[in-house]
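The structure appears below as structure tokens.
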Protein chains: 2
Amino acid sequence: MKRLSDSLPMMLYRTLDSVMPNFRRIFAQFGLTEQQWRVLRALWENNSLPLLYLSKATLISSPSLVGVVDRLERDGLVVRERTATDRRIVKVRATAQGMALEDQVTPLVDQAYAVLNQHLSESDWHNLYKGLDSLIQQPQPKEKRAQAKTKGAGR
Amino acid sequence: MKRLSDSLPMMLYRTLDSVMPNFRRIFAQFGLTEQQWRVLRALWENNSLPLLYLSKATLISSPSLVGVVDRLERDGLVVRERTATDRRIVKVRATAQGMALEDQVTPLVDQAYAVLNQHLSESDWHNLYKGLDSLIQQPQPKEKRAQAKTKGAGR
DNA sequence: TTTATTTAGTTAATATGTTAATCATTAACA
DNA sequence: TGTTAATGATTAACATATTAACTAAATAAA
């Protein structure tokens with residue numbers, strides 16, 4: 001049987017353990033966590049985003065995102081804004097202070113990516129992404145959707 | 001610039017998000033978390049392991065592992081054993097109850113892996129692992145080792 | 001329009017992840 | 001051998017992850 005250490009999940013975790021510390025070290029220099037950076041970067045690309053979109057863009061689940069945004073707000077890097085048309089929606093916007101971080105953090109992050117890129121050839125990157133993409137596209141077991149309502153027959 | 005969603009970390013996280021729920025669903029059927037399963041599986045392969053080895057085998061950091069083992073012990077699945085020769089070492093052993101889970105969980109997990117395997121061709125798997133391996137082997141920034149002691153010259 | 005359903009965000013409860021600091025033991029050494 | 005450094009496990013402080021439940025607001029349906 002395949003050894004635990006060679007399973008796909010373990011390989012993925014090991015890769016993250018190998019790659020992420022380099023980036024986290026950079027984020028830490030600016031008092032940011034990895035998740036906080038992901039949120040900020042999404043906001044740098046889009047002025048203002050609803051939490052739900054932000055959740056999808058950062059891959060941070062809604063419950064976790066609430067706390068991440070709380071702390072970003074506490075630190076004065078973003079603000080929450082209620083939407084007038086649909087009052088259920090809460091948009092998040094980066095403050096001037098939050099925006100200012102982009103030019104400071106981005107160069108360092110880009111450089112770290114550049115270093116990372118050197119470790120694989122062009123075709124190796126292509127093949128790696130191809131494999132990951134296939135796994136991502138893998139048909140997900142359908143969410144337990146609202147059951148087709150059996151109208152009438154109350155059983 | 002490369003979009004956030006296409007960065008290597010995001011691709012890795014997305015892959016895990018796509019793959020892991022299927023396994024977690026299985027673990028949950030037995031009241032196990034993903035990490036608890038990793039510890040148990042390591043113990044199934046090796047009767048008894050020091051926490052430090054267990055940490056490396058499961059990719060769970062020492063501080064996290066303490067809690068994972070605490071809860072496994074609480075649930076009667078493993079026990080801690082002090083080593084006589086070196087009393088700093090704590091070994092973890094699966095109880096009969098913990099051992100019994102192997103034959104129940106393994107078939108389901110193996111099947112999940114079998115399904116997963118079908119999503120990529122033999123060569124795609126090879127290429128994927130090759131890429132991940134290269135990133136894992138990537139030279140790590142050396143730990144801040146104990147500084148070469150400058151004996152004498154107290155500065 | 002009244003009611004049921006869906007949606008966006010949040011809270012709650014529990015389990016981990018991350019980094020730094022501590023404790024008890026050993027190992028190394030002057 | 002008394003002191004210092006290195007180890008293995010744990011604790012502390014904080015930030016997330018995961019799943020389920022809940023609230024307010026908007027929609028669809030009766």
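All chains are named by letter (A, B, ...) in the order of the sequence lines, taking the proteins before the strands, and each is independently numbered beginning at 1.
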Along DNA chain C (nearest heavy atom to each residue), the more 5'-positioned of A:E34 and A:P50: A:P50

Sugar-phosphate, base or nothing in reach of A:I60, heavy atoms under 4.0 Å: sugar-phosphate

Touch class at under 4.0 angstrom, heavy-atom based, for A:S55 against every strand present: nothing

B:L8 backbone acceptor or donor facing A:Y129 side chain under 3.5 Å: yes

Nearest-neighbour nucleotide for the A:L51 side chain, D:dT11, C:dG9, D:dT16 considered: C:dG9

From D:dA15, C:dT10, C:dT16, nucleotide with atom closest to B:T33 side chain: C:dT16

Minimum-distance nucleotide to B:R71 side chain [options: C:dT16, D:dT18, C:dG9]: C:dT16

hbond_proxy A:R88 side chain to C:dT7 base (donor-acceptor, 3.5 Å cutoff): yes

Base partner of C:dT3, which must satisfy Watson-Crick or wobble distances under 3.5 Å: D:dA28

Between B:T15 and B:S18, a side-chain donor and acceptor under 3.5 Å: no

Nucleotide of D:dG8, D:dT11, C:dG9 approaching A:V90 most closely (side-chain heavy atoms): C:dG9

Minimum-distance nucleotide (side-chain atoms of A:D86 versus C:dA8, D:dT18, D:dA26): D:dA26

Selection from C:dT25, C:dT18, C:dT11 that lies nearest to any side-chain heavy atom of A:P63: C:dT11

